[in-house]
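Whatever order the structure lists them in is the order used to number ligands and atoms, beginning at 1. For the single chain, residues carry numbers from 1 onward in sequence order. As the structure is a computational prediction, the values presented were derived from the model and not from experiment.
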Amino acid sequence: MSNENTEEIQQKKSVRHILALSGGKDSSALAIYMKGKIPNVEYCFCDTEKELEETYEYLNKLETYLGQKIHHLKYSSGYGFDEIVQIKGGFLPSPEQRWCTEYLKLKPYEDYIGDDPVVSYVGIRADEPHRTGYISNKPNVKTVFPFVEDNVRLEDVERILEESGLGVPSYYKWRSRSGCFFCFYQQKREWVGLLENHPDLFEEAKKYEKIDPHTGERYTWNQGESLDELARPERVAQIKENYEKRKARKANAFKGNQKLKDVWGDDSDDGENLSCNICHL
Ligand code: SF4
């Protein structure tokens with residue numbers, strides 16, 4: 001690593017070095033990349049208890065590879081996701097009202113850090129200029145981005161994971177990000193992936209959706225479409241077809257222009273690569 005500040009901080013014995021894992025490819029690759037380079041590193045994972053089974057399996061494999069425990073941090077408020085939804089009268093989180101991240105990811109992480117001086121290692125890549133990741137306002141936390149410092153890009157992350165023997169988590173076959181099985185940042189084709197790979201979890205996600213009998217207000221994970229509507233065979237076929245068309249269009253549009261592809265080359269449903277920079281690294 002080339003950043004002098006990071007090296008200076010690493011030499012101070014009282015400083016804690018924490019690498020938070022999301023169960024996704026970038027933070028996992030960062031842990032592998034930094035293995036042996038960070039003194040007294042602590043690994044942690046903010047566990048919402050609504051994660052995919054594949055995520056837990058992958059973290060177990062990673063733990064074995066790293067030869068060190070990954071601390072699972074649970075909500076510290078005493079209330080899990082289901083209790084909070086109830087308190088909020090069934091109001092589901094959304095990109096605009098992201099209370100789930102605050103209660104189930106940020107708070108447990110900040111409680112774990114406490115007031116100790118901390119260097120927090122974040123897996124944002126050099127080819128993700130549009131992302132910022134977890135940046136604490138706490139004065140005792142310094143956030144560092146080793147992949148940005150060392151110009152590590154997507155192809156490097158894939159190579160790191162491949163060479164470690166771990167590969168990418170298996171959910172990447174049908175989903176592009178880590179996080180809760182019902183995450184509202186999922187694209188429509190990922191909801192279809194959940195339906196096809198984990199029908200039981202799809203049913204679980206459906207149970208959170210409600211229609212207020214008095215006002216007619218709908219509490220759904222996707223704006224304007226319930227999971228019942230999305231799961232209709234004709235709608236599933238349409239979502240798959242749209243996805244394939246979009247993929248082909250984008251492959252053409254970004255041909256030979258890597259810089260453009262870095263910024264806009266996602267495969268989201270609406271052209272915006274919306275995601276949570278805390279949950280999806
Ligand atoms: S993964 Fe999605 S649903 Fe889960 S805490 Fe993060 S933003 Fe919320």
Asker: Please compare Cys46, Cys100, Gly23 and report which has the shortest non-hydrogen distance to atom 8 (Fe) of ligand 1.
Answerer: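 Answer by nearest heavy atom: Cys100.
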Asker: Is it true that the NZ or CZ of Lys37 lies under 6.0 Å from the centre of Tyr121's six-membered ring and within 45 degrees of the ring axis?
Answerer: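 Verdict for Tyr121: no cation-pi partner in Lys37.
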Asker: Show the atoms of ligand 1 that are less than 4.0 angstrom away from any heavy atom in Phe184.
Answerer: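 Reading through ligand 1 atom by atom, the close ones are 3 (S), 7 (S), 8 (Fe).
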Asker: Between Glu51 and His72, does any side-chain donor sit less than 3.5 Å from a side-chain acceptor?
Answerer: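 Their side chains do not contain a donor-acceptor pair, so the 3.5 Å distance test is not met.
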Asker: Only one of Lys105, Lys107, Glu49 passes side-chain hydrogen bond (donor to acceptor under 3.5 Å, both in side chains) with Tyr75; say which it is.
Answerer: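 The single option meeting the side-chain hydrogen bond (donor to acceptor under 3.5 Å, both in side chains) with Tyr75 is Glu49.
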Asker: Would you please say whether a donor-acceptor pair under 3.5 Å links the side chains of Asp150 and Tyr33?
Answerer: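 Yes, a side-chain donor-acceptor pair sits under 3.5 Å.
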Asker: From atom 4 (Fe) of ligand 1 out to just under 2.8 Å, does an N/O/S atom of Cys180 turn up?
Answerer: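 True for Cys180.
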Asker: So, 4.0 Å and heavy atoms of Leu104: is ligand 1 close enough to count as a contact?
Answerer: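 In this structure, Leu104 fails to qualify as a contact of ligand 1 - no heavy atom is under 4.0 Å.
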Asker: Using a 4.0 Å cutoff against the non-hydrogen atoms of Gly179, which atoms of ligand 1 qualify?
Answerer: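 Numbered from 1, ligand 1 contributes 1 (S).
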Asker: Step through it carefully: locate the ring centre of Tyr208, locate the ring centre of Phe184, and say whether they are under 6.0 Å apart.
Answerer: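 Between Phe184 and Tyr208, which both carry aromatic rings, the centre distance is not below 6.0 Å.
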